[in-house]
Amino acid sequence: MVIPESLSSSPQCSLTLGQPPRHRPAVHGSVPSTPCLLRDNSSDSAASQETNLAHDDPEAAVSKAAQENPEDEEYYRNASQHVANHPEQHRPPTDDEAEDAKAAHHQIYKKGNTDLESMGADAVGGAIATQAIQKFLGSGGGDTNDLLAFAMKEGTQLLGGNADPGFKGVVMQKAAMMVFKSQLSGGGGGGAMSLLQKFL
């Protein structure tokens with residue numbers, strides 16, 4: 001699996017593996033975005049691959065996912081709007097959240113648990129997000145819209161057309177929020193790269 005080298009960019013800080021982060025002061029009134037640029041300059045780094053994870057056009061993600069699954073376009077749009085409408089949740093995932101997501105992913109994708117509603121929307125959304133992140137990194141990466149589209153399409157594939165519409169809608173929202181959070185950097189501990197690696 002090839003992990004993209006550069007995962008995000010912003011004027012707030014830059015981070016090079018093996019070196020401490022260099023922070024720049026935020027401009028008063030500016031809107032926080034994916035705040036760190038990660039570069040791997042180590043001698044054994046893989047060939048350079050660029051990934052721009054700037055959440056600037058969520059409608060593009062909806063369109064990408066809906067090209068394959070037009071019947072679920074409303075779910076995709078509602079999930080994207082949920083992410084935009086809940087900035088209080090815009091923080092990096094905790095270690096516990098990532099571990100819970102991977103545990104749910106194991107139950108569903110490895111053990112074949114199909115009783116999804118009994119697992120709950122948080123667990124299923126986390127499992128979908130984990131699957132999407134793993135596929136995204138395995139494909140060589142892309143931008144935020146690609147990653148969000150991966151999650152949306154994965155939700156359709158897992159839930160199908162027979163799931164309860166209310167449950168399906170909440171799961172899509174949980175998955176979209178988790179993949180968005182997975183791209184955020186808290187300004188330390190390896191930044192965006194280590195966050196995505198939590199889901200491997």
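Fair warning: this is a prediction, and the values are worked out from it, not measured in the lab. All values below were derived from every heavy atom in this structure, side-chain atoms included, with hydrogens, water molecules and symmetry-related copies excluded.
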Sub-3.5 Å donor-acceptor pair from the side chain of [X] to the main-chain atoms of [Y], do we have one?
X	Y	answer
Lys198	Lys102	no
Asn69	Ala66	no
Asp164	Gly166	yes

With rounding to the nearest 0.5 angstrom, report the [atom1] to [atom2] distance, [X] to [Y].
X	Y	atom1	atom2	value
Lys153	Gln67	NZ	CD	8.0 Å
His106	Asn113	NE2	CG	11.0 Å
Glu59	Asn145	CD	CG	10.0 Å
Glu117	Leu159	CD	CG	9.5 Å
Asp100	Met178	CG	CE	8.0 Å
Glu73	Asn78	CD	CG	10.5 Å

Do the non-hydrogen side-chain atoms of [X] and [Y] ever get within less than 4.5 Å of each other?
X	Y	value
Lys110	His105	yes
Phe150	Gln131	no
Met119	Asp122	no
Asp72	Met152	no
Val83	His90	yes
Phe180	Leu148	no
Val170	Lys174	yes
Ser63	Tyr76	no

Measure across [X] and [Y] and return the closest heavy-atom pair with its distance rounded to 0.1 Å.
X	Y	result
His86	Glu88	ND1-OE2, 2.9 Å
Val124	Leu116	CG2-O, 3.5 Å
Phe167	Ala121	CE1-N, 3.7 Å
Ala123	Ala104	O-CB, 3.2 Å
Pro87	Ala84	CD-O, 3.9 Å

Between Met172 and Ile128, is the side chain to side chain contact (heavy atoms under 4.5 Å, CB included) condition met? List the steps. CA-CA 9 Å; Met172 290 285 196; Ile128 291 170; 5.9 Å; no
Salt bridge present between Arg77 and Glu74 (N-O < 4.0 angstrom): no
* Asked: So, are Glu97 and Lys181 salt-bridged, with charged N and O less than 4.0 Å apart?
  -> yes
>> Would you say Glu154 and Tyr109 are linked by a side-chain donor-acceptor pair, where the criterion is simply a distance under 3.5 Å?
In response: yes
Distance-only polar pair, side chains of Gln183 and Thr144, donor-acceptor under 3.5 Å = yes
message: If hydrophobic clusters are built from ILVMFWY residues whose side chains come within less than 4.5 Å, do Val179 and Phe199 share one?
response: yes
Can you confirm if the NZ or CZ of Lys168 lies within 45° of the ring axis of Tyr75 and under 6.0 Å from the centre of its six-membered ring?
yes
